[in-house]
Amino acid sequence: VPLCSRTPASLSISLLGSGGVAELSRALAGRATHLAAQLTRLDVSDNRLGLHGGLAMAELFKENDTLQDVCLSGNKLCDRVADGLAKALSKNETLTRLDVSHNKITGSIPNELTNLTKLQVLYLQSNNLDGEMPVDIGNLKELRFLNGSTNNISGSIPASIGGLRDLQELNFFENRITGEIPLSLGDLWNLRSLRFHDNEITANISRFTTLGNLGRLVTLDFYNNKMVGDVPASIQNLTSLQYLYLQNEHYLPLRKKYCRQRLPNNGKYNYRIVRDEYVQMMAMHCEDMHDTRFTFNSLQASSSYDATT
């Protein structure tokens with residue numbers, strides 16, 4: 001992998017062949033100081049860097065304080081490479097984008113990442129990360145896109161996340177996240193996508209009273225969790241909402257509107273109508289309302305036309 005004799009401000013390398021990773025590592029190691037002078041963008045996505053290539057990248061980053069955009073996605077980075085990368089980048093004051101998605105990185109999200117205060121994009125999705133989100137994740141004040149989906153991240157959503165006032169997308173679906181939904185999420189006024197489906201969140205969604213503050217939200221997805229309660233009344237304030245995915249248990253407005261009627265169990269289904277007609281639905285009076293299981297179930301499954309049977 002020959003490097004230009006003149007240090008590039010942007011370096012993009014793809015499709016490394018057999019032995020290319022080792023050659024790249026030697027080249028970078030030999031010219032790390034020279035590269036550090038001007039390099040602002042590094043894209044080596046969709047290669048086969050693996051453990052050794054990842055560590056070589058970390059060595060390069062130690063000598064560099066000008067990088068703004070780093071993309072290492074799809075490289076089979078494994079073990080605890082994230083720790084080495086995070087420590088090497090922790091003093092960087094220019095980095096705005098870091099993408100280590102679609103690798104095999106293990107361990108927890110390094111706390112050192114919260115030192116990257118200029119970061120606007122952080123992509124961690126599709127790895128084997130575990131542990132909890134960093135408590136100080138709210139330090140990343142300029143962050144706009146945060147994706148940690150499809151990992152094994154556990155614990156609760158830290159309250160400090162409400163400090164990310166510029167955030168537009170917050171996606172942590174397909175993890176093992178538990179606990180409550182912090183009211184500070186309602187401080188993310190610029191949020192357009194909030195996706196935590198397929199987790200183990202045990203919150204009472206009725207207590208998410210600040211939900212209505214998210215006036216720019218387009219997608220709300222908490223489907224397939226372990227939550228209880230009914231969708232909060234503030235749902236009606238989400239005037240930009242186009243996609244609403246919750247489990248049937250949270251749709252009291254639907255059961256009131258379609259009083260004692262059966263509704264198809266469509267699984268994950270966009271019930272944006274609940275936002276559109278929340279006031280009208282909740283104003284309806286329904287005596288002896290069917291429970292969720294009976295309402296959203298086929299007649300064959302219930303073996304009866306009578307809700308009292």
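- Nearest heavy atom pair, residue Ala82 against residue Pro110, reads O-CG, 3.6 Å.
- Between Tyr123 and Val100 the shortest side-chain heavy-atom distance does not fall below 4.5 Å.
- The CD atom of Gln236 sits 12.0 Å away from atom CE of Met281, with the distance rounded to the nearest 0.5 Å.
- The hydrophobic clustering, which links ILVMFWY residues whose side-chain heavy atoms are closer than 4.5 Å, places Leu67 and Leu140 together.
- A 4.5 Å side-chain heavy-atom check between Asn147 and Leu122 finds every atom pair outside the cut-off.
- For the atom pair Arg97 CZ and Cys71 SG, the distance stands at 5.0 Å (nearest 0.5 Å).
- Note that CZ of Arg262 is 6.0 Å distant from CG of Asn297, once rounded to the nearest 0.5 Å.
- Side chain of Thr114 to main chain of Ile137: no donor-acceptor pair is present (N/O by atom type, distance under 3.5 Å, no hydrogens or angles).
- Note on Leu55 and Val70: same hydrophobic cluster, where clusters join Ile, Leu, Val, Met, Phe, Trp and Tyr whose side-chain heavy atoms are under 4.5 Å apart, directly or indirectly.
- A 4.5 Å side-chain heavy-atom check between Asn75 and Asp46 finds every atom pair outside the cut-off.
- Residues Ile181 and Ile201 approach most closely at CG1-CG2, 4.3 Å, considering heavy atoms.
- A donor-acceptor pair under 3.5 Å links the side-chain atoms of Asp291 to the main chain of Phe294, judged by distance alone.
- Here the side chains of Val231 and Tyr278 are in contact, with some heavy-atom distance below 4.5 Å.
- Between the side chains of Asp99 and Ser101, at least one donor N or O sits under 3.5 Å from an acceptor N or O.
- Between the side chain of Asn103 and the backbone N or O of Leu72, at least one donor-acceptor pair lies under 3.5 Å.
- In this structure, Tyr271 and Phe296 have perpendicular ring planes: the angle between them is above 60°, well past the 30° mark.
- There is a path of hydrophobic side-chain contacts, each under 4.5 Å, that joins Leu252 to Tyr258.
- Counting only distance, with no hydrogens or angles, the side chain of Arg275 and the backbone of Leu238 share a donor-acceptor pair below 3.5 Å.
- For the atom pair CZ of Arg260 and CG of Asp288, the computed distance is 5.5 Å after rounding to the nearest 0.5 Å.
- Val121 and Leu89 sit in two unconnected hydrophobic clusters of ILVMFWY residues. Membership requires side-chain heavy atoms under 4.5 Å apart, directly or through other members.
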Begin with the C-alpha distance, continue with both residues' side-chain angles, and end with the deciding distance and a verdict on side-chain contact (heavy atoms from CB on, under 4.5 Å) for Asn171 and Leu194. CA-CA 6 Å; Asn171 299 327; Leu194 179 58; over 6 Å; no
Walk me through it: do Leu129 and Thr106 pass the test side-chain contact (heavy atoms from CB on, under 4.5 Å)? CA-CA 5 Å; Leu129 292 168; Thr106 59; over 6 Å; no
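- Ionic pairing of Glu169 and Arg192 is not present here: no N-O contact between side-chain nitrogen and carboxylate oxygen is shorter than 4.0 angstrom.
- In terms of modelled atom types and a separation under 3.5 Å, the side chain of Asn92 and the main chain of Leu95 share a donor-acceptor contact.
- Counting all heavy atoms, side chain and backbone alike, Arg255 lies closest to Asp230 at NH2-OD1, 4.5 Å.
- If you take CD on Gln68 and NZ on Lys118, they are separated by 11.5 Å, rounding to the nearest 0.5 Å.
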Passes side-chain hydrogen bond (donor to acceptor under 3.5 Å, both in side chains), Ser149 versus Gln125? Steps please. CA-CA 5 Å; Ser149 59; Gln125 69 267 28; 5.4 Å; no
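- Of all heavy-atom pairs spanning Val81 and Leu51, the tightest one is CG2-CD1, 3.6 Å.
- Within a 6.0 Å sphere centred on NZ of Lys268, heavy atoms belonging to other residues, nucleotides or ligands number more than 12.
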From CA spacing to verdict: side-chain contact (heavy atoms from CB on, under 4.5 Å), Thr178, Asn199: CA-CA 7 Å; Thr178 59; Asn199 274 285; over 6 Å; no
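- You'll find the ring centres of Phe222 and Tyr245 outside the 6.0 Å limit.
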Kindly indicate, with the supporting measurements, whether the criterion side-chain hydrogen bond (donor to acceptor under 3.5 Å, both in side chains) is fulfilled by Asn224 and Asp198. CA-CA 5 Å; Asn224 195 26; Asp198 295 287; 2.6 Å; yes
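- A donor-acceptor pair is defined here as one N or O able to donate and one able to accept, closer than 3.5 Å; such a pair exists between the side chain of Asp43 and the backbone of Ser45.
- What you find for Ala86 and Glu112 is that their closest heavy atoms are O-CB, 3.8 Å.
- With contacts defined as side-chain heavy-atom distances shorter than 4.5 Å, the pair Lys257/Glu277 qualifies.
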How far apart are the C-alpha atoms of Tyr251 and Leu244, what are their side-chain angles, what is the distance that settles it, and do they pass the side-chain contact (heavy atoms from CB on, under 4.5 Å) test? CA-CA 11 Å; Tyr251 288 128; Leu244 174 61; 3.8 Å; yes
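- The closest side-chain donor-acceptor pair between Asn248 and Asn265 falls under 3.5 angstrom.
- Between the side chain of Arg195 and the backbone N or O of Thr219 there is no donor-acceptor pair closer than 3.5 Å.
- Side chains of Gln242 and Arg272: a donor on one and an acceptor on the other come within 3.5 Å.
- A salt bridge is defined here as a Lys NZ or Arg NE, NH1 or NH2 lying under 4.0 Å from an Asp or Glu carboxylate O, and Arg176 with Glu200 fails to meet this definition.
- A donor-acceptor pair is defined here as one N or O able to donate and one able to accept, closer than 3.5 Å; such a pair exists between the side chain of Asn175 and the backbone of Gly148.
- Side-chain atoms of Lys76 and Leu49, non-hydrogen and from C-beta on, never get closer than 4.5 Å to each other.
- Residues Met133 and Phe173 do not share a hydrophobic cluster, clusters being chains of Ile/Leu/Val/Met/Phe/Trp/Tyr side chains in contact below 4.5 Å.
- Within the 4.5 Å cutoff, the side chain of Asp187 has heavy atoms near those of the Arg165 side chain.
- Here the side chain of Asp221 pairs a donor or acceptor atom with the backbone of Tyr223 at under 3.5 angstrom.
- Between Ile235 atom CD1 and Leu220 atom CG the span is 5.5 Å, to the nearest 0.5 Å.
- Annotation: side chain of Ser126 is in contact with side chain of His102 (closest heavy-atom distance under 4.5 Å).
- Here the shortest heavy-atom pairing between Leu217 and Ser193 reads CD1-N, 3.8 Å.
- The main-chain N or O of Met227 is never found under 3.5 Å from a side-chain atom of Asn225 such that the two would form a donor-acceptor pair.
- Residue Lys256 places its NZ atom among more than 12 non-hydrogen atoms of other residues, nucleotides or ligands, all under 6.0 Å distant.
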